[in-house]
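Sequence lines set the chain letters: A, B, ... in the order given, protein chains first and strands last, and positions in each chain run from 1.
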Amino acid sequence: MTPPPVDPPRLSSLFANFAAVGLLGFGGVLPFARRMIVERRRWLSAAEFTDLLALCQFLPGPNVVNLSVALGGRFRGPAGALAAVSGLLGGPVAVVIVLGAVYGRYASVPWVAHMLGGLAAAASGLVLATALRIAAPLRRRPVAIGVAVAALAGVAVLRLPLLLVLLVLAPAAMLLQRPSA
Amino acid sequence: MIAAVATLAVVFAYLSLLAVGGANALLPELQRQAASFGWVDPRQFADLFALAQAAPGPNMLIVTLIGWRVAGLAGALAATAAFVLPAALLTYTVAGLWQRFREAPWRKRVQAGLTPVTVGLVMGAAVLLCRASIHGPGTALVALAAAAGLLATRLHPLWLLGLGAALGAGGILQ
């Protein structure tokens with residue numbers, strides 16, 4: 001892979017740009033991160049971005065957070081990784097702590113509790129939609145559907161530890177299926 | 001207090017490395033751990049998850065909120081840092097090697113195997129959250145409408161969350 005066609009961004013620029021992404025990113029940060037990195041700053045080409053994202057989706061941990069670490073590290077080493085990730089998380093963590101404090105204080109007020117009830121139902125529905133969307137490509141793959149149903153039953157019905165579910169199902173799925181591409 | 005912060009750090013560092021398939025796939029385990037430590041019950045978990053979704057930023061902020069509930073500001077920061085650090089160190093280390101193994105057959109096989117597991121885990125998260133947040137026909141309708149809204153329209157998810165909150169605040173979901 002060729003190096004990025006720009007001078008490496010400064011630490012302050014990594015911090016500021018990822019901070020903007022974090023604070024603008026309502027309902028999913030990824031599209032905002034892509035726009036900033038590929039279109040506005042041109043830190044990566046579209047293909048390089050997709051490649052780096054594939055790495056971050058392959059590894060454990062929150063994907064966009066990993067992406068900020070990998071990109072900051074590529075440009076400026078450990079200090080760059082720290083600048084990018086603290087920019088990305090600093091603002092949102094502060095916002096959510098304020099929300100948590102308000103929740104702790106007013107959760108017993110009836111209309112606040114009712115509002116949260118509606119919000120929680122909607123948030124659950126959004127996760128359901130996300131699940132259906134990522135399940136759609138498995139439609140004609142019975143083995144994959146079997147693995148997904150087993151994982152669902154393991155964590156949601158039997159309430160098994162995730163480590164156990166992963167240790168049993170991931171190797172089984174790797175042996176049973178052929179890589180698609 | 002210090003013991004609580006240390007426990008948070010250890011548990012979330014462990015969860016960081018278990019989070020294959022991203023933050024949503026981790027939710028069932030997070031809910032299980034939070035309940036077993038007596039941090040938050042499933043209903044509070046659904047509330048905190050919703051609050052985190054209403055805030056900007058990566059979809060891992062429920063980790064911060066659980067830390068906050070358990071041990072205040074120190075807990076929030078410890079849980080967040082512990083959840084980010086192990087995966088970040090791994091990413092930082094592996095990023096330089098990625099070109100060497102991204103086309104490797106074992107890499108593709110691992111990914112192909114993990115994908116359906118991730119789908120099942122996110123489906124599990126949806127089931128657990130719906131079970132904890134649907135208490136009657138009103139909330140069921142809100143959840144279904146939000147799901148349909150995300151799948152069938154181009155509405156921003158924040159509007160769908162706002163709609164749920166407004167209907168809830170109006171008291172018509174009870």
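Among Ala172(A), Gly91(A), Ser124(A), the residue with the largest count of heavy-atom pairs under 4.5 Å with chain B is Ser124(A). Heavy-atom pairs under 4.5 Å with chain B were tallied for Gly22(A), Pro92(A), Ala33(A), Pro60(A); the largest tally goes to Pro60(A). Comparing Val21(A), Val93(A), Val102(A), Leu52(A) by how many heavy-atom pairs each has under 4.5 Å with chain B, the most go to Val93(A). Interface check for chain A: of the options Leu151(B), Thr139(B), Leu167(B), the most heavy-atom pairs under 4.5 Å are formed by Leu151(B). Residue with the most contacts toward chain A among Ala23(B), Cys130(B), Gly67(B): Cys130(B) (heavy-atom pairs, distance under 4.5 Å). Chain A forms the most heavy-atom pairs under 4.5 Å with one residue out of Arg131(B), His135(B), Arg107(B), Gln53(B), and that residue is Arg107(B). Listed options Ala54(A), Ala122(A), Ala150(A) were ranked by heavy-atom pairs under 4.5 angstrom with chain B; first place goes to Ala122(A).
Using a 4.5 Å cut-off between heavy atoms, Val85(A) contacts chain B through its side chain alone, with no backbone atom that close. For a residue to count as touching a neighbouring chain, one of its non-hydrogen atoms must lie under 4.5 Å from one of that chain's; by this rule Ala101(A) touches chain B with backbone and side chain alike. Interface residue Ala144(A): backbone and side-chain heavy atoms are both found under 4.5 Å from chain B. With a 4.5 Å cut-off on non-hydrogen atoms, Leu89(A) touches chain B through its side chain but not through its backbone. Proximity to chain B is limited to the side chain of Val95(A), based on heavy atoms less than 4.5 angstrom apart. When heavy atoms are compared at a cutoff of 4.5 Å, Ala113(A) does not approach chain B at all. For Val96(A), the parts lying under 4.5 angstrom from a heavy atom of chain B are both the backbone and the side chain. Residue Pro110(A) does not touch chain B at all, counting heavy-atom pairs closer than 4.5 Å. Only the side chain of Leu166(A) comes within less than 4.5 Å of a heavy atom of chain B; its backbone N, CA, C and O stay farther away. Only the side chain of Leu138(A) comes within less than 4.5 Å of a heavy atom in chain B; its backbone stays farther off.
Under a 3.5 Å cut-off, the side chain of Arg109(B) and the backbone N or O of Pro105(B) do not form any donor-acceptor pair. Not a single donor-acceptor pair under 3.5 Å links the side chain of Trp43(A) to the backbone N or O of Pro8(A). A donor-acceptor contact shorter than 3.5 Å is absent between the side chain of Gln33(B) and the backbone of Leu30(B).
Residue Leu129(B) is not grouped with residue Leu141(B) when hydrophobic side chains (ILVMFWY) are merged at heavy-atom distances under 4.5 angstrom, including chains of intermediate members. Criterion: ILVMFWY side-chain heavy atoms under 4.5 Å apart, direct or through other members. Under it, Leu158(A) and Leu121(B) are part of a common hydrophobic cluster.
Taking the six-membered ring for Trp and the full ring otherwise, the centers of Trp106(B) and Phe101(B) sit less than 6.0 Å from each other.
Residues Phe49(B) and Gln31(B) have side chains not in contact (no heavy-atom distance under 4.5 Å, counting atoms from C-beta outward).
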